[in-house]
2 protein chains.
Amino acid sequence: MKYPITLDALEVLDAIDRKGSFAAAANELFRVPSAISYTVQKLEQDLDVVLFRKEGRKAVLTQAGKVLLEQGRGILDAMERLAIATKKTHSGWEPVFNIAIDSILSFDFIYPLIARFYEVLPDIEINIYEEVLGGAQEAITSNRADLVIGAGAEPTPNQGIKYQKIRQIEWIFTVAPGHELTQAALPLSRQLIEQHRFIVVRDSSRNQAPQSHRVFSKRPVLSVPSVTEKINALRSGLGVGFLPVHRIQDMLEQGLLIALPVENTILIETSHMAWKTTNKGKVLRWFIEQLSQHDFI
Amino acid sequence: MKYPITLDALEVLDAIDRKGSFAAAANELFRVPSAISYTVQKLEQDLDVVLFRKEGRKAVLTQAGKVLLEQGRGILDAMERLAIATKKTHSGWEPVFNIAIDSILSFDFIYPLIARFYEVLPDIEINIYEEVLGGAQEAITSNRADLVIGAGAEPTPNQGIKYQKIRQIEWIFTVAPGHELTQAALPLSRQLIEQHRFIVVRDSSRNQAPQSHRVFSKRPVLSVPSVTEKINALRSGLGVGFLPVHRIQDMLEQGLLIALPVENTILIETSHMAWKTTNKGKVLRWFIEQLSQHDFI
DNA sequence: TTTATTGTTCAAATATTTTGAACCTATTAA
DNA sequence: TTAATAGGTTCAAAATATTTGAACAATAAA
């Protein structure tokens with residue numbers, strides 16, 4: 001016999017353990033006690049292992065029974081999830097979706113996007129991978145990623161891969177008026193600004209994610225949930241950081257925020273996304289659509 | 001219906017996929033073709049998902065079918081291991097120890113580690129299996145694995161699961177001085193390097209991992225038992241391959257080995273390990289300790 | 001000592017799976 | 001073009017497997 005353990009047997013075992021007796025398990029499963037007895041005996045026989053010992057009028061799990069039950073529960077869970085994943089796939093939703101992001105890009109806009117995604121579809125697994133320079137490209141051709149957010153303009157068209165430019169963002173180092181850095185010599189050095197508290201956009205997908213792999217190193221100091229909050233925090237003088245120019249143009253003009261040049265800093269971030277044209281998944285569509293909208297930023 | 005997917009159905013699906021047709025699967029399973037048909041139809045009906053599409057006179061898996069099969073195989077494996085573990089517990093043996101490794105990671109360091117383990121505790125059965133992207137995470141929550149070696153930095157802390165970073169490894173494509181690839185235009189293309197003989201670290205453990213893995217294709221390869229041997233073989237000009245930078249720094253500087261850039265290659269491999277905090281096993285501790293040591297590499 | 005609860009056994013009833021023959025349908029060979 | 005062949009499906013009958021219910025034994029609680 002290839003698989004002596006059946007799902008039904010595991011289900012029965014689980015019910016017995018939770019309810020405390022064969023009789024109660026029978027009741028829960030809408031079966032008659034003798035059916036439970038039969039299932040357990042069959043399992044013990046097929047597996048050639050004693051799973052219950054009689055203690056008084058009750059049956060108690062043996063050590064082997066406990067191992068079987070504990071691990072078996074994991075398998076039952078996996079089965080349930082597999083059924084869900086399969087159905088999701090059938091209706092066009094990928095069960096897992098992998099995003100690779102070039103590590104030089106800012107993640108400020110990605111976290112809120114993922115958070116938004118989980119609000120809509122909480123049980124799809126999103127994995128974000130950071131890729132170093134050429135890696136993002138490779139990630140897609142080797143099917144490691146479904147969507148790549150890469151740095152630079154769109155690369156030359158490639159067989160089977162679609163590229164699309166994402167809005168170009170100009171980042172600028174910003175502090176509140178009266179901040180001590182406004183007194184420092186310009187341009188500011190990296191060393192100097194790193195001594196100040198940075199405000200970063202937090203990965204808010206943490207709590208809601210079914211399970212998400214996040215793969216970048218960061219040393220956040222003050223985390224906020226979105227770029228809007230980041231602007232507010234900066235204005236309140238809680239810290240310093242880079243902000244997208246187009247979002248703070250007015251405030252800069254009104255003197256509510258001060259922009260300062262920093263040495264060796266790339267200000268303009270051009271990025272593109274890439275995906276396989278054969279991929280018709282709905283999750284992919286969702287992300288492409290969101291990223292295409294000019295105001296998602 | 002609580003569990004629409006049965007183990008038998010997964011077994012049938014697996015056989016169909018491996019053998020290529022319903023008829024061949026029927027033959028393998030000592031059943032009649034109509035029985036296979038019946039099982040598949042029942043599964044499709046219970047799950048309310050189309051799993052096969054007819055192409056010509058053959059039946060081909062749909063996307064959903066592929067997801068089901070791929071994940072289902074993991075569950076079948078888990079079932080087999082569970083049966084073994086239960087029997088071992090019954091007979092007083094320590095249960096098997098399962099390690100899941102993310103398939104994008106290099107196995108080079110694992111095989112020698114397992115070999116070392118057998119020197120210390122030869123009676124314990126170690127299973128290594130490969131998990132695709134998110135799967136490694138899942139493997140631990142569902143108890144399919146006792147230890148997971150996953151890609152990326154440590155994920156968000158999770159109830160009952162402990163994560164620990166493993167040393168980050170930078171891999172670099174290396175050849176011996178005077179190798180003909182040193183004359184080629186840089187960066188090297190994948191096609192080009194694939195024409196050369198690769199040196200890979202062999203799976204020298206008893207219970208070998210399911211697949212050979214990760215070498216680009218069925219090219220001529222030379223298997224060696226450890227990374228040290230791999231370095232030696234490379235230096236002798238026996239072949240080419242990726243090596244961890246920190247192990248060959250000196251040799252690169254002395255010109256004993258030549259590093260060459262390859263297009264679209266991810267150079268830096270970050271990884272972490274994960275295990276259940278409830279697991280107090282001796283075997284687990286041994287592996288954690290070994291993997292924590294910086295020089296195990 | 002009753003009485004209720006728990007688990008087991010066994011034959012009968014019921015449900016599920018497997019079979020084999022007949023029948024499609026798309027490729028391949030003649 | 002036609003025949004032969006390699007899948008795949010359908011359906012009723014046969015073979016298996018599971019569930020039931022009644023009778024029974026063992027133990028704890030009243």
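Source: prediction; values computed, not measured. The figures that follow rest on heavy atoms only: side chains count, while hydrogens, waters and symmetry mates do not. Proteins get letters first, then strands, A, B, ... in listed order; numbering begins at 1 in each.
- With D:dG21, D:dG8, C:dG7 as the choices, the nucleotide that has an atom nearest any side-chain atom of A:Val32 turns out to be D:dG21.
- For the pair A:Lys42 NZ and D:dT19 P, the interatomic distance rounds to 11 Å; values are reported in whole Å.
- Whole-Å rounding puts the B:Gln45 CD to D:dT9 P distance at 13 Å.
- Going from atom CG of B:Asp8 over to atom C1' of C:dT18 covers 11 Å, rounded to whole Å.
- Atom-to-atom, CD1 of A:Ile36 to C1' of D:dA17 comes out at 16 Å; the value is rounded to the nearest Å.
- Within the 4.5 Å cutoff, side-chain heavy atoms of A:Phe287 are placed close to those of A:Phe97.
- The nucleotide whose nearest atom lies closest to any side-chain atom of A:Lys54 is, among C:dT17, C:dG7, D:dT18, C:dG7.
- Close to C:dT25, at under 4.0 Å from its OP1 or OP2, lies no side-chain N or O of B:Arg57.
- You'll find the side chain of A:Leu10 reaches within 4.5 Å of the side chain of A:Leu68, heavy atoms only.
- Across D:dT19, D:dG8, D:dG21, the shortest atom-to-atom separation from the side chain of A:Ser34 is found for D:dG21.
- In this structure, A:Tyr38 atom OH and C:dT14 atom P are separated by 17 Å, rounded to whole Å.
- Considering only the side chain of A:Ala23, C:dG7 comes nearest among D:dG7, D:dT19, C:dG7.
- The side chain of B:Ser21 places no N or O atom within less than 4.0 Å of a non-bridging phosphate oxygen (OP1 or OP2) of D:dA6.
- Between the NZ atom of B:Lys19 and the P atom of D:dG8 there is a distance of 14 Å, rounded to whole Å.
- Here the C1' atom of nucleotide C:dA15 and the CZ atom of A:Arg31 are 13 Å apart, to the nearest Å.
- When distances are taken from the side chain of B:Phe22 to each of D:dA17, D:dG8, C:dT17, the shortest belongs to D:dG8.
- Between B:Met273 and B:Val148 there is no side-chain heavy-atom pair separated by less than 4.5 Å.
- At a threshold of 4.0 angstrom between heavy atoms, the contacts of A:Phe30 are confined to the sugar-phosphate backbone, with no base atom among them.
- The two atoms that bring B:Trp275 and B:Asp146 nearest to each other are CB-O, 3.6 Å, heavy atoms only.
- Taking side-chain N and O atoms only, B:Gln41 has a distance below 4.0 Å to OP1 or OP2 of D:dT10.
- The side chain of B:Pro33 has D:dT9 as its nearest neighbour among D:dT9, C:dT6, C:dT16.
- Checking A:Ser292 against A:Gln164 by side-chain atom types alone, a donor-acceptor pair falls below 3.5 Å.
- For the pair A:Glu55 CD and D:dA28 P, the interatomic distance rounds to 10 Å; values are reported in whole Å.
- Distances shown here put a side-chain N or O of B:Ser37 below 4.0 Å from the OP1 or OP2 atom of D:dT9.
- Residue A:Ala59 is classed as a sugar-phosphate contact, given heavy-atom separations below 4.0 Å to backbone atoms only.
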